[in-house]
Amino acid sequence: MKFKDFKVGQEFAVTTTLTESDFHNYISFARTRNILHENPEIAKREGITGILLPGRSIIARAEGEMTRLSEFEDCIMLLYGMDGDPNWQGRQTRYLGEVCAGEELYIRYIVSDKKEERGYGILAVDFEISRSRDGKLVAVSRRNLYRIKQTS
C-alpha cells in the first residue's frame, strides 16, 4: 500500500511465536540482565513455569511482524519515534501479562493517526498483543510512529 491508502482506524493482525532460540538470541544481542531470565529456580519460585520473555523482545517481534505484512511490503519506512498516549500522560507501552517462549501471540495493529510532514507520511500504529491460548492481553504499545516515503 502507499501512504495515502492507509486510513485511521484501519486494522491488521498476525500470529507469531517466539521460541527459546529467539529468547537466547535476544538476550545475547540486548545484553539485558534480569534474575528471572538468568535463574530458572528463582523464576519458578515466583510462579513462572517457562522461559519468561522480556517485554521489549515481544514489542520488537511485533514491529518485525508488522513490517512483513503485505500492506507494508512496498513501503520505504523507518521507525520515527514513540509519542506515547496522551491519556497515559505520554507513556507508550504497558506490559500486562507474562509470556513464555513457545507461546503463540495474536498481534493486532491499529492505525491511530496519520499526517504528512515534508514529503513523508507519519503513520502512528498501536500494537495490542494477546496470548492466543487464553486471549489475555499481555502488552499494549501506543503511537509507534513510522516515517513512510510518499510515492505516487
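Just so it is clear, the model here is predicted, and its values are computed rather than measured.
A salt bridge links Glu11 with Arg108: the closest approach of a Lys/Arg side-chain nitrogen to an acidic carboxylate oxygen falls below 4.0 angstrom. Between Arg33 and Glu38 there is a salt bridge, since a side-chain N of the basic residue sits under 4.0 Å from a carboxylate O of the acidic one.
Cys100 SG to Ile48 CD1: the interatomic distance, rounded to the nearest 0.5 Å, is 7.0 Å. With rounding to the nearest 0.5 Å, the separation of NZ in Lys115 from CG in Asp113 is 7.0 Å. In this structure, OG in Ser112 is found 8.0 Å from CG in Leu145, a value given to the nearest 0.5 Å. For the atom pair OG1 (Thr67) and CG (Leu79), the distance works out to 11.0 Å, reported to the nearest 0.5 Å. Rounded to the nearest 0.5 angstrom, Tyr120 OH and Ile76 CD1 are separated by 8.0 Å. Put simply, OG1 on Thr19 and CD1 on Ile51 are 9.0 Å apart, with the number rounded to the nearest 0.5 Å.
Side-chain contact between Val138 and Leu96: absent, with no pair of heavy atoms (C-beta onward) separated by less than 4.5 Å. A 4.5 Å side-chain heavy-atom check between Arg147 and Leu123 finds every atom pair outside the cut-off. Using a 4.5 Å heavy-atom cutoff, the side chains of Val140 and Thr93 are not in contact. Contact annotation: the side chain of Thr15 never approaches that of Ile107 to less than 4.5 Å [non-hydrogen atoms, C-beta and beyond]. For the pair Ser130/Lys136, no side-chain contact is recorded, criterion being any heavy-atom separation below 4.5 Å from C-beta on. Taking 4.5 Å as the limit, every side-chain heavy atom of Met1 sits out of range of all side-chain heavy atoms of Lys7. Between Phe3 and Lys114 the shortest side-chain heavy-atom distance falls below 4.5 Å. Counting heavy atoms from C-beta outward, Tyr26 and Arg61 have side chains that stay 4.5 Å or more apart.
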Salt bridge (charged side-chain N to carboxylate O under 4.0 Å, His left out) between Arg133 and Glu103, worked out: CA-CA 8 Å; Arg133 69 176 159 87; Glu103 290 192 281; 2.5 Å; yes
Passes side chain to side chain contact (heavy atoms under 4.5 Å, CB included), Tyr146 versus Leu78? Steps please. CA-CA 6 Å; Tyr146 296 91; Leu78 53 87; over 6 Å; no
Where do Leu18 and Val99 land on the side chain to side chain contact (heavy atoms under 4.5 Å, CB included) test, with the steps shown first? CA-CA 9 Å; Leu18 282 86; Val99 177; over 6 Å; no
Side chain to side chain contact (heavy atoms under 4.5 Å, CB included) for His37 and Ile27? Distances and angles first, verdict last. CA-CA 9 Å; His37 299 140; Ile27 291 296; 4.3 Å; yes
When you look at Glu128 and Arg142, which way does the salt bridge (charged side-chain N to carboxylate O under 4.0 Å, His left out) test go after all the steps? CA-CA 9 Å; Glu128 294 182 355; Arg142 300 277 188 238; 3.4 Å; yes
Applying salt bridge (charged side-chain N to carboxylate O under 4.0 Å, His left out), run through Arg143 and Asp126 and close with a yes or a no. CA-CA 5 Å; Arg143 297 191 49 79; Asp126 297 350; over 6 Å; no
Taking it one step at a time, do Asp5 and Lys2 satisfy salt bridge (charged side-chain N to carboxylate O under 4.0 Å, His left out)? CA-CA 5 Å; Asp5 299 321; Lys2 298 188 182 341; over 6 Å; no
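Linking ILVMFWY residues whenever their side-chain heavy atoms come closer than 4.5 Å, directly or via other members, places Met77 and Val14 in the same cluster. Cluster annotation: Leu69 is not connected to Tyr106 through the hydrophobic network of ILVMFWY side chains, with a link wherever side-chain heavy atoms come within less than 4.5 Å. Residue Met66 is grouped with residue Val111 when hydrophobic side chains (ILVMFWY) are merged at heavy-atom distances under 4.5 angstrom, including chains of intermediate members. Leu137 and Leu52 are members of different hydrophobic clusters when ILVMFWY side chains are connected at heavy-atom separations under 4.5 Å. Hydrophobic clustering (side-chain heavy atoms under 4.5 Å, transitive across Ile, Leu, Val, Met, Phe, Trp, Tyr) keeps Phe12 apart from Ile122.
Looking at Asn39, its side chain never comes within 3.5 Å of a backbone N or O of Leu36 through a donor-acceptor pair.
When every heavy atom of Tyr95 is checked against every heavy atom of Ala139, the shortest pair comes out as CD2-CB, 4.0 Å. The heavy-atom pair separating Pro54 from Ser57 by the smallest distance is O-OG, 2.6 Å. In terms of heavy atoms, Ser141 sits closest to Ile59 at CB-CD1, 3.9 Å.
Glu65 and Thr16 share a side-chain donor-acceptor pair at under 3.5 Å. Side-chain contact, Tyr109 with Glu71: no donor N or O sits under 3.5 Å from an acceptor N or O. Side-chain contact of Asn25 with Ser28: a donor-acceptor pair under 3.5 Å is absent, judged by distance alone. Between the side chains of Glu117 and Tyr80, at least one donor N or O lies within less than 3.5 Å of an accepting N or O.
For Arg56, the CZ atom sits in a loose shell: 12 or fewer heavy atoms of surrounding residues, nucleotides or ligands are nearer than 6.0 Å. Annotation for Lys44: atom NZ does not count as buried by contact number, only 12 or fewer foreign heavy atoms lying within 6.0 Å.
In summary, the aromatic rings of Phe6 and Phe72 are positioned with their centroids under 6.0 Å apart.
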